[in-house]
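Below: the structure, in C-alpha cells.
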Amino acid sequence: MAGSPTARRRRLSIELKKLRENSALTCAQVGEALDWSGSKVNRMETGSGRVQPSDIEALCRFYETSDELREFLKSLARQAKTRGWWQVHGAGVPEWFNIYIGLEQDAATIRQYQCELIPGLMQIATYTRELHTTGAHLSSEDIDRAVRVRMERQTMLTRPDAPDAWFVVNEGALRHVIGDRAIMREQLEHVLEAAGSPTVTLQVMPFDAGTYPVTGSFTMLGFPAQEDPDIVYRDGITDAVYLEGDHHVREYTKAFDGLRAAALSPQRSVQLIKTLLKEYVS
C-alpha cells in the first residue's frame, strides 16, 4: 500500500473509478442508485473530495465487491485523512505543492529536467532561502518553514528505499548566480556530493547542445505499484499541472529520453561542474 496520505487518496480514486468503469456505469447512474449526486461520485474518483468509510461501504455493496477489497478501500479512506509531515507549515508550502510532495514521498523513480534552477532535491538551505526571499511575499517564519520542508524532502535520496532519481540540468541553472558567489560555490559542491549517491544520476545540458525536445522544467514520478500510473508534474507561480494520461506520460518519456541523449554524460557533467567551481573560487 502506498505510504503517504496523498498517494493513498490517489490510489483510492483510481480504484473507485475502476470499479465504476468495470460496471459500465456513469457517475450520474451510480449517484442516482445511491441517492447521491453524480458530482459527488466524480469528486470521489478525482480525489477532490473527502471519502468517508461509510461511502466506501455503500459503493462496495452496490458494486458487489469482495469483503477483502471493501476493507482495503475503507482502510485507504481512513488513512487518506491523516496529515503528512509537510502539511503543517502554513503558507510556507502552497496547497498545490502539498499534493506533489505527497506523491514524491512514494515515488520509486524520479525523472526531472530543470532549465533555470538547481533541482530542489539538490539545493542547499541558503540557496533555497534566496529563492523564497525574492518575490514570494512570505513572512520570515513561512520562509523558514519552506526551507525546512525542502531540506527534509532531500532525505528521501539517502534512505534505504531511495527512489531511482535522474536529473538533467541546463548549464544555465549552474551558472545563474543565486545569492552570491560563495553560496553558488557551496551549492555546486553539494550538487557534486548528491550526484555521487548510488541512486542519483546527474547530466548537464550544455549551452552548445543544439536543439532538444522540450521547453520548460518538468518532473515525472513513477510508483512501485503497477496500479499507480506514472504522473507528470509542471508548476508555475500560483499553481501546478498534473498529467496522468497515457499520452502525456508517453510523450514526456520520449522528451526526457531525448534530453538524456543530448546532455553530457554523467562523467562529463561532473567535470563541467568542477570547472565551474574553479570560476567561483577565483
Look at [X] together with [Y] and state whether they make a salt bridge at an N to O cut-off of under 4.0 Å.
X      : Y      : value
Arg145 : Glu141 : no
Glu279 : Arg175 : yes
Glu21  : Lys18  : no
Arg70  : Asp67  : yes

Quick one: does any side-chain atom of [X] pair with a main-chain N or O of [Y] as donor and acceptor, under 3.5 Å?
X      : Y      : answer
Gln112 : Phe167 : no
Gln187 : Met122 : yes
Thr199 : Ala162 : no
Thr158 : Thr155 : yes
Asp55  : Gln52  : yes
Gln114 : Val169 : no

ask   = Counting only heavy atoms not in Asp246, do more than 12 sit closer than 6.0 Å to its CG atom?
value = no
query = Picking from Asp144, Ile178, Ile183, what satisfies side chain to side chain contact (heavy atoms under 4.5 Å, CB included) with Arg129?
reply = Asp144
Taking atom types as modelled, find out whether [X] and [Y] have a side-chain donor-acceptor pair closer than 3.5 angstrom.
X      : Y      : result
Gln123 : Arg150 : yes
Arg234 : Tyr252 : yes
Asn170 : Tyr212 : yes

What's the separation between atom [atom1] in [X] and atom [atom2] in [Y], rounded to the nearest 0.5 Å?
X      : Y      : atom1 : atom2 : value
Ile143 : Leu138 : CD1   : CG    : 5.5 Å
Glu32  : Thr26  : CD    : OG1   : 8.5 Å
Leu272 : Leu174 : CG    : CG    : 6.5 Å
Glu116 : Leu131 : CD    : CG    : 10.5 Å

ask   = Ring centres of Phe218 and Tyr233 under 6.0 Å apart?
value = no
